[in-house]
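Worksheet: one structure, shown below.
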Amino acid sequence: MNAVLQPEVDLRRRPMGLADLPDVLAVEVCSYSHPWTRGNFIDSLAAGYVAEVLASPATGVVGYFVAMPGVDELHLLNITVAPAWQGRGHGHTLLDAVQAQARAQGLGLLWLEVRQSNERARTLYRRRGFAEVGLRKGYYPAVAGREDAVVMRLDLRASVF
């Protein structure tokens, strides 16, 4: 029997830079009906938000996150894994990195919004210890009008992840 083994891809996290934006935008556009724009990413980088990519020279960017620090909190603004790379634990890897960044800055809370219809992401967040604490009506643009966002919070002081 002949088997062709696929080599393991050496994905690494690193800070997001302007040179990553073509790859980041390619992932963003194939992941969302209403993706962030290049300007959204440039503004986030210019503001000094925490932003990392998960990438390799062979694959380019397969995932990323952007988070905004505040007083005693970090607000996760965008976390995305390319559709072809989902289901392999990369979302957990990125969430680990977000939580590590918050802890490194001495921040006690992690906040995020997620589309109410995105049950897969909500399940991941709940498994990671996030609690659903609110609803933002009409927060996201949608194909037919607006969609509500579920507000989720993780108390990092009590979290074991």
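Below, each value reflects all heavy atoms present in this structure, side chains not excepted, and no hydrogens, waters or symmetry copies.
With Asp72 contributing its side chain and Gly108 its backbone, the two residues share a donor-acceptor pair below 3.5 Å. With hydrogens and angles disregarded, no donor-acceptor distance shorter than 3.5 Å links the side chain of Asp23 to the backbone of Asp20. Panel note: side chain Gln116, backbone Glu147; no donor-acceptor pair is recorded below 3.5 Å.
Heavy-atom minimum distance, Met16 versus Phe65: CE-O, 4.2 Å. Taking each heavy atom of Ile79 and Gly91 in turn, the nearest pair found is CD1-O, 4.3 Å. The minimum heavy-atom distance between Phe130 and Met152, with the atom names listed, is CB-CE, 3.8 Å.
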### Message
Show, in sequence, the C-alpha distance, side-chain angles and deciding distance for Trp36 and Val66, and conclude whether the side-chain contact (heavy atoms from CB on, under 4.5 Å) test is met.
### Response
CA-CA 11 Å; Trp36 273 27; Val66 177; 4.1 Å; yes
### Message
Between Lys137 and Arg146, is the side-chain contact (heavy atoms from CB on, under 4.5 Å) condition met? List the steps.
### Response
CA-CA 8 Å; Lys137 293 286 196 183; Arg146 308 287 298 177; over 6 Å; no
#### Entry: Derivation and outcome, side-chain contact (heavy atoms from CB on, under 4.5 Å), residues Val98 and Glu52
CA-CA 9 Å; Val98 172; Glu52 290 188 4; over 6 Å; no
#### Entry: CA sep, side-chain torsions, deciding dist, call: Val27, Trp85, side-chain contact (heavy atoms from CB on, under 4.5 Å)
CA-CA 10 Å; Val27 171; Trp85 290 87; over 6 Å; no
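Residue Leu109 is not grouped with residue Tyr125 when hydrophobic side chains (ILVMFWY) are merged at heavy-atom distances under 4.5 angstrom, including chains of intermediate members. Note on Val81: it clusters hydrophobically with Leu11, by side-chain heavy-atom contacts below 4.5 Å among ILVMFWY residues. Tracing side-chain contacts under 4.5 Å through hydrophobic residues (I, L, V, M, F, W, Y), one never reaches Leu76 starting from Val151; they form parts of separate clusters. Hydrophobic clustering of Ile, Leu, Val, Met, Phe, Trp and Tyr side chains at less than 4.5 Å, counting indirect connections, unites Tyr49 with Val24.
A salt bridge does not link Asp155 with Arg153: every distance from a Lys NZ or Arg NE/NH1/NH2 to an Asp or Glu carboxylate oxygen is 4.0 Å or more. At a threshold of 4.0 Å, the pair Arg38-Glu28 does not count as salt-bridged, since none of the basic side-chain nitrogens sits closer than that to a carboxylate oxygen.
Relative orientation of the Tyr64 and Phe41 rings is perpendicular, given thresholds of 30° and 60° on the angle between their planes.
Checked against ring-ring contact (aromatic ring centres under 6.0 Å, His included), Tyr140 has no partners two or more places apart in sequence or in another chain.
The shortest side-chain heavy-atom distance between Val61 and Leu54 does not fall under the 4.5 Å cut-off. Inter-residue side-chain proximity for Arg128 and Leu154 is flagged as unmet; no heavy-atom pair is nearer than 4.5 Å.
Between the side chains of Asp96 and Thr93, no donor N or O sits under 3.5 Å from an acceptor N or O. When only modelled atom types and interatomic distance are considered, Arg120 and Thr123 share no side-chain donor-acceptor pair under 3.5 Å.
By the neighbour-count criterion of 12 heavy atoms within 6.0 Å, atom CZ of Arg12 is sparsely surrounded, having that number or fewer from other residues, nucleotides or ligands.
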